[in-house]
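Notes follow the structure.
The sequence lines fix the lettering, A, B, ..., with proteins before strands; numbering per chain opens at 1.
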Amino acid sequence: MPELPEVETTLRAIEKFQGSKIQKVKIYNRNLRWKVVDCFESLSQKQFVESLERRAKYIIFNLSNNKSIILHLGMSGSLRIADNNENFFIKHDHVELIFDEQKIIYNDPRRFGSMHITSNVQKHKLIKDLGPEPLSKKFNAKNFYKACRYSKTNIKSFLMNQKNVVGIGNIYASESLFLSSISPLRDAQDLDLEDCKRLVASGKKILKKAIAVGGTTLKDFYSADGSPGYFKFKLNVYGRESEDCKKCGESIYKVVINQRATFYCKSCQT
DNA sequence: CGAAAAACCTGGCAGC
DNA sequence: TGCTGCCAGGTTTTTC
């Protein structure tokens, strides 16, 4: 489900828990992408959430005992906030972080998401090899162009590889390429500096716009406060196979690249 | 080694 | 009403 804008939206909805104490952790199913360790509860209960942050598509809870929870929503995960006295149990609720008045519930039908607890986030295996944040200055045309030089794959796969830049998934990869008029099938190596400038600028622009409207809800993404994301209505190509290109009117094509549906306009993107 | 394919899961939907 | 096959916002593991 969630790419960077959806994770950022989720983070913002739970930011109010900063400074609050996790009174209790309940785990209904430890079998996520990796098994949630047995000591997860003992390491996180009775700890304050000193800060919350996002790195790539991960949400990180920094706790008062200097441990951190690393949470990934996978393909279908979501968080929701509930009052402690509301005891609705929804299918696929796996973990509850219970605070004084409210709780954060992690729900994930496909269980591709994960929860880890660690004493060093930066050195954690899931974090250490991640590329630059797309909204940071490290993600710029010059660096991106340099990385493209070493690549042997197509630009769409390159964009989705979290070692090159983080946070961009299947939707925003197609959308960024449309906005920069670059075909997803082009070899990354084939891009010149001007292409990279447009692509980097487009990526930043789209992610910012998507964050501003709460991300993209295709079917089942909701922020932790229950609201959907409205970027779906701004999508130019994703999910629009054989519909008209909003720029030139030609038909939008769907191709499969690395087993992922990819949408583009053959006449606008070369 | 890097790139492509398969794998991990469940649910929804189209087609028969 | 099934049942089957395919598709889904991600990332690791396996294979080539």
Margin query: Considering every strand and a 4.0 Å limit on heavy-atom distances, what is the contact class for A/K232: base, sugar-phosphate, or nothing?
Written below: nothing
Note to self: Closest-nucleotide mapping onto DNA chain C: is A/R110 or A/Q162 further toward the 5' terminus? I mean the 5' end.
What the structure shows: A/R110
Next item on the list: Indicate whether OP1 or OP2 belonging to C/dC7 is found under 4.0 Å from a side-chain N or O atom of A/R260.
Entry: no
Notebook entry, point to check: Going by atom types alone, do A/K46 and A/Q23 pair a side-chain donor with an acceptor below 3.5 Å?
Noted result: yes
Checklist line | Validation row, ring centre A/F144 to ring centre A/F158 under 6.0 Å | finding: yes
Notebook entry, point to check: Which whole number of Å gives the distance between the P atom of C/dC6 and that of B/dA6?
Noted result: 13 Å
Margin query: Any carboxylate oxygen within less than 4.0 angstrom of a Lys/Arg side-chain nitrogen, looking at A/E41 and A/K26?
Written below: no
Margin query: C/dG10, OP1 or OP2 - any side-chain N/O from A/R33 closer than 4.0 Å?
Written below: no
Margin query: Nearest whole Å is fine: how far is B/dG12 C1' from A/D220 CG?
Written below: 10 Å
Check: Think A/K232 forms a cation-pi with A/F221, using NZ or CZ under 6.0 Å from the six-ring centre and within 45 degrees of its axis?
Finding: no
Next item on the list: Indicate, yes or no, whether a donor-acceptor pair under 3.5 Å links the base of B/dA4 to the side chain of A/Q259.
Entry: no
Notebook entry, point to check: Taking all non-hydrogen atoms of both residues, which atom of A/A56 and which atom of A/L130 are closest, and how far apart?
Noted result: CB-CD1, 3.8 Å
Next item on the list: Report the distance from atom CD1 of A/I257 to atom P of B/dA5, rounded to the nearest whole Å.
Entry: 12 Å
Notebook entry, point to check: Just how far, in rounded Å, is P of B/dT10 from CZ of A/F112?
Noted result: 9 Å
Next item on the list: Using a cut-off of strictly less than 4.0 Å, decide whether A/T153 has a side-chain nitrogen or oxygen near OP1 or OP2 of B/dA4.
Entry: yes
Checklist line | DNA chain B contacts made by residues 114-129 of chain A, counting heavy atoms under 4.0 Å | finding: none
Notebook entry, point to check: For A/D187 and B/dG2, what is the distance between atoms CG and P respectively, to the nearest whole Å?
Noted result: 17 Å
Next item on the list: Could you work out the separation of B/dC9 and C/dC3 based on their P atoms and round it to a whole Å?
Entry: 23 Å
Item checked: d(CD, A/Q189; C1', B/dA3) in whole Å -> 13 Å
Note to self: Given B/dA5, B/dG11, C/dG10, identify the nucleotide with an atom nearest to the side chain of A/N258.
What the structure shows: B/dA5
Notebook entry, point to check: Under 3.5 Å, is there a donor-acceptor pair between the A/Q18 and A/S51 side chains?
Noted result: no
Note to self: Salt bridge check, A/R12 against A/D225: does any charged N sit closer than 4.0 Å to a carboxylate O?
What the structure shows: no
Item checked: Shortest non-hydrogen contact between A/F178 and A/C245, atoms and distance -> CE1-SG, 3.7 Å
Notebook entry, point to check: What does A/Y238 touch in the nucleic acid at a heavy-atom separation under 4.0 angstrom: a base, only the sugar-phosphate, or nothing?
Noted result: sugar-phosphate
Next item on the list: Pick the P atom in C/dG5 and in B/dA7, then give their distance to the nearest Å.
Entry: 16 Å
Notebook entry, point to check: In whole angstroms, how far is the P atom of C/dG9 from the NZ atom of A/K57?
Noted result: 11 Å
Item checked: Side-chain N,O (A/K219) to OP1/OP2 (B/dC13) below 4.0 Å -> no
Next item on the list: Kindly say whether the aromatic ring centers of A/F89 and A/Y28 come within a distance under 6.0 Å.
Entry: yes
Next item on the list: Determine, for A/E175 against A/K234, whether the closest basic-nitrogen to carboxylate-oxygen distance falls under 4.0 angstrom.
Entry: no
Notebook entry, point to check: Would you say a side-chain N or O of A/H92 is under 4.0 Å from OP1 or OP2 of B/dC9?
Noted result: no
Item checked: Whole-Å gap separating P (B/dC1) and CG (A/N161) -> 15 Å
Notebook entry, point to check: Taking only Watson-Crick and G-U wobble pairs with both distances under 3.5 Å, what dot-bracket line describes DNA chain C, where [ ] shows pairs that cross earlier ones and | shows pairs with another strand?
Noted result: .|||||||.|||||||
Checklist line | Within one Ile-Leu-Val-Met-Phe-Trp-Tyr cluster: A/V7 and A/I14, side-chain cutoff 4.5 Å | finding: yes
Next item on the list: Quick one: label A/T217 by what it contacts on the DNA or RNA (base, sugar-phosphate, nothing), any heavy atom closer than 4.0 Å.
Entry: base
Next item on the list: Please check the phosphate of B/dT10 (OP1 and OP2 only) for any side-chain N or O of A/R111 closer than 4.0 Å.
Entry: yes
Notebook entry, point to check: For the pair made of CG in A/L32 and P in C/dT11, what is the distance, rounded to whole Å?
Noted result: 15 Å
Note to self: For C/dT11 and A/H72 - does any side-chain N or O of the residue sit under 4.0 Å from the phosphate oxygens OP1/OP2?
What the structure shows: yes
